Amino acid sequence: MKKKIFMCFLALIIFSLTVISCKSAPAPTPAPKAQQQATPAEIATVNSRIEKIRKSAMDFEVPSYFPSEWEDVEAQYATAKKMPVSNQDEVKTAVAALNKVADRYSELFDMTIPLYAQAREDEILAIREELVRSKFSALFPQYVEKADKIALTAKDQYEAKDYYAAKETIAEALDEYETLLLGAKILLARQEITDRDFIKYDPENFEKADEISQTAVTSYDAGNKKGAIENAEEALLRFNIVLTNGWIAYAAERRASATSEREIAIANKVNIAVRDSFREADTVFNTAEDSYKNENYSAAGKQYVEAEALFVIAGQQTEEKRLLAMETIRQAEEKVEESSETAIEAEKIIEGGSK
């Protein structure tokens, strides 16, 4: 009996200790949740705005027009992207900084657009000027009018602030003008050949170039722009070959002529009689010789012509100087004769008086 009482008492003590132990034990600490650093919607929105404006700025060459300003805003953007955004205040600060960057990109874009448009207009005007100068616009007005219409469409798109459409249209217009420019270059080359009478130096290439240039016009009229360009480039190449051959032959002829005139001048002692004039001619002649050795035949041909003319002028000056000297001698001789006759008459008078 006593043993049962003791066992019950022991069980009661163990139970009490267990309850006390459970109450005094600290509650288990929950595992920390993983922090989710999601980009706030405001940051994503402003970054999207920046990238769109930035792309437009690069497409319209803002870095080329404002290089230092572009570097500055790029640095600002890099800094703003690294700003902390762990709480609402930081997000607000970062958004403000990014919006400032976006505004600056937009300002640079607005500053560039007029410059970009003016540059394209200047390109077109330069080409049109050559089309007029070469008389291409007078011979083929319908082609120039077609290019002009495309350019005017681009202008309307630009004024409507449809900048990307204007960019594409102006590229199309420039491509059209540059195609016509090939025709203008052909006309100028051909005109120079005929003006300088260079056909005789390479008649075969000249005739072939004429045929191919006509084929280019036919291809263009048929809408085969690629074929027209290929034929025009070949025609221009052949005309330039005629020009090159012409200048080589012309320079050689003029060199022979100038050399001959120089030898005549030396033989006539022009280098002594009118030293300064001869030196001037000889300086131009030596310059022509340098150009000829360097295969700059067009410059050499023109310089030989100038040198030849100066040698002729120096020779004329020498001749005039000699004629003047001869006239002076003749006049002096006449005076001597007159003096002799006067002396004889005087002697006769004296002799007669003494008788």
Side-chain angles (χ1 to χ4, degrees), residues 119-120 122-151 170-257 287-306:
R120 303 294 79 74
D122 290 345
E123 287 181 58
I124 288 174
L125 290 176
I127 295 174
R128 286 195 92 265
E129 183 179 347
E130 192 159 351
L131 293 176
V132 172
R133 184 168 60 88
S134 68
K135 299 181 181 178
F136 183 92
S137 58
L139 293 172
F140 304 100
Q142 70 277 20
Y143 300 152
V144 180
E145 287 172 8
K146 177 184 175 183
D148 287 345
K149 286 180 181 178
I150 299 173
I170 204 66
E172 181 186 350
L174 279 169
D175 183 65
E176 196 69 26
Y177 282 117
E178 286 169 357
T179 300
L180 302 183
L181 185 59
L182 271 174
K185 289 178 178 178
I186 287 173
L187 286 178
L188 288 173
R190 191 181 190 284
Q191 188 64 48
E192 184 177 1
I193 290 168
T194 55
D195 288 348
R196 296 187 181 281
D197 194 25
F198 282 179
I199 299 174
K200 62 186 178 183
Y201 298 120
D202 193 351
E204 184 178 345
N205 261 319
F206 183 83
E207 291 175 8
K208 188 66 176 176
D210 259 354
E211 291 175 10
I212 296 172
S213 60
Q214 185 56 52
T215 302
V217 174
T218 303
S219 298
Y220 188 85
D221 287 338
N224 183 6
K225 190 174 180 180
K226 182 181 178 182
I229 292 173
E230 289 175 353
N231 283 303
E233 287 176 343
E234 183 180 350
L236 181 60
L237 175 63
R238 287 181 179 274
F239 278 129
N240 283 333
I241 289 173
V242 175
L243 274 173
T244 299
N245 291 338
W247 277 117
I248 291 172
Y250 178 77
E253 290 175 358
R254 299 272 52 87
R255 182 171 187 255
S257 185
T287 301
E289 289 282 79
D290 289 338
S291 297
Y292 192 83
K293 289 174 185 175
N294 293 325
E295 298 183 358
N296 187 357
Y297 298 112
S298 61
K302 295 171 186 176
Q303 290 158 355
Y304 282 129
V305 169
E306 183 182 356

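No hydrogens, no waters, no symmetry mates; every other heavy atom, side chains included, goes into these values. Along the sequence shown, residues are numbered consecutively beginning with 1. Since we're looking at a predicted model, the values are computed, not measured.
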If you measure from CG on Leu236 to CZ on Arg190, what distance do you get to the nearest 0.5 Å?
13.5 Å
Closest heavy-atom contact between Leu188 and Ser134?
CG-CB, 3.6 Å
Arg133 and Glu129 ion-paired at < 4.0 Å
no
Would you indicate whether the side-chain heavy atoms of Glu123 and Ile170 approach each other to under 4.5 Å?
no
Would you say the ring centers of Trp247 and Tyr201 fall short of 6.0 Å from each other?
no
Is there any ring pair (Phe, Tyr, Trp, His ring centres under 6.0 Å) pair reaching into residues 223-242, and which pairs are they, with sequence neighbours excluded?
Phe206-Phe239
Once you round to the nearest 0.5 Å, how far does CG of Asn205 lie from CG of Leu237?
8.0 Å
Can you give each donor-acceptor pair under 3.5 Å made by side-chain atoms of residues 297-304, sequence neighbours left out, with the distance rounded to 0.1 Å?
unit_1: Gln303; atom_1: OE1; unit_2: Ser291; atom_2: OG; d: 2.8
unit_1: Tyr304; atom_1: OH; unit_2: Arg255; atom_2: NE; d: 3.1
unit_1: Tyr304; atom_1: OH; unit_2: Glu289; atom_2: OE1; d: 2.3

From CD (Glu130) to CG (Leu125), nearest 0.5 Å:
13.5 Å
Go through Gln214 and Val217 one step at a time and tell me if the side chain to side chain contact (heavy atoms under 4.5 Å, CB included) criterion holds.
CA-CA 5 Å; Gln214 185 56 52; Val217 174; 4.2 Å; yes
Specify the closest pair of heavy atoms between Tyr177 and Ile124, including all atoms of both residues, with the distance to one decimal.
CE1-CG2, 3.5 Å
Does the side chain of Leu181 come within less than 4.5 Å of Lys185's, by heavy atoms?
yes
Looking only at heavy atoms, which two atoms of Leu187 and Lys135 are closest? And how far apart?
CD1-C, 4.3 Å
State the CD1-OG1 distance between Ile199 and Thr194, to the nearest 0.5 angstrom.
6.0 Å
Tightest non-hydrogen contact, residues Asp210 and Ser213, listed as O-OG, 2.8 Å
Any idea which heavy atoms bring Ala232 and Ala216 closest together, and the distance?
N-CB, 3.7 Å
Let me confirm one number: the CZ-CG distance from Phe136 to Leu131, rounded to the nearest 0.5 Å.
6.5 Å
Apply salt bridge (Lys or Arg N to Asp or Glu O under 4.0 Å) to residues Glu204 and Lys208 and explain how you reach the verdict.
CA-CA 6 Å; Glu204 184 178 345; Lys208 188 66 176 176; over 6 Å; no
Looking at CG of Leu182 and CG of Asn231, how far apart are the two atoms once the value is rounded to the nearest 0.5 Å?
11.0 Å
Asn224 and Lys226, any side-chain heavy atoms less than 4.5 Å apart
yes
If you take all heavy atoms of Val242 and Asp202, which pair is closest and at what distance?
CG2-O, 3.8 Å
Under the criterion salt bridge (charged side-chain N to carboxylate O under 4.0 Å, His left out), which of Arg128, Lys149, Lys225 is the partner of Glu176?
Lys225
Going by heavy atoms in the side chains, are Ile229 and Thr179 under 4.5 Å from each other?
yes
Mark yes when over 12 heavy atoms from residues, nucleotides or ligands other than Glu253 sit less than 6.0 Å from its CD; otherwise mark no.
yes
Can you give each donor-acceptor pair under 3.5 Å made by side-chain atoms of residues 138-146, sequence neighbours left out, with the distance rounded to 0.1 Å?
unit_1: Tyr143; atom_1: OH; unit_2: Asp221; atom_2: OD1; d: 2.2
unit_1: Tyr143; atom_1: OH; unit_2: Asp221; atom_2: OD2; d: 3.1

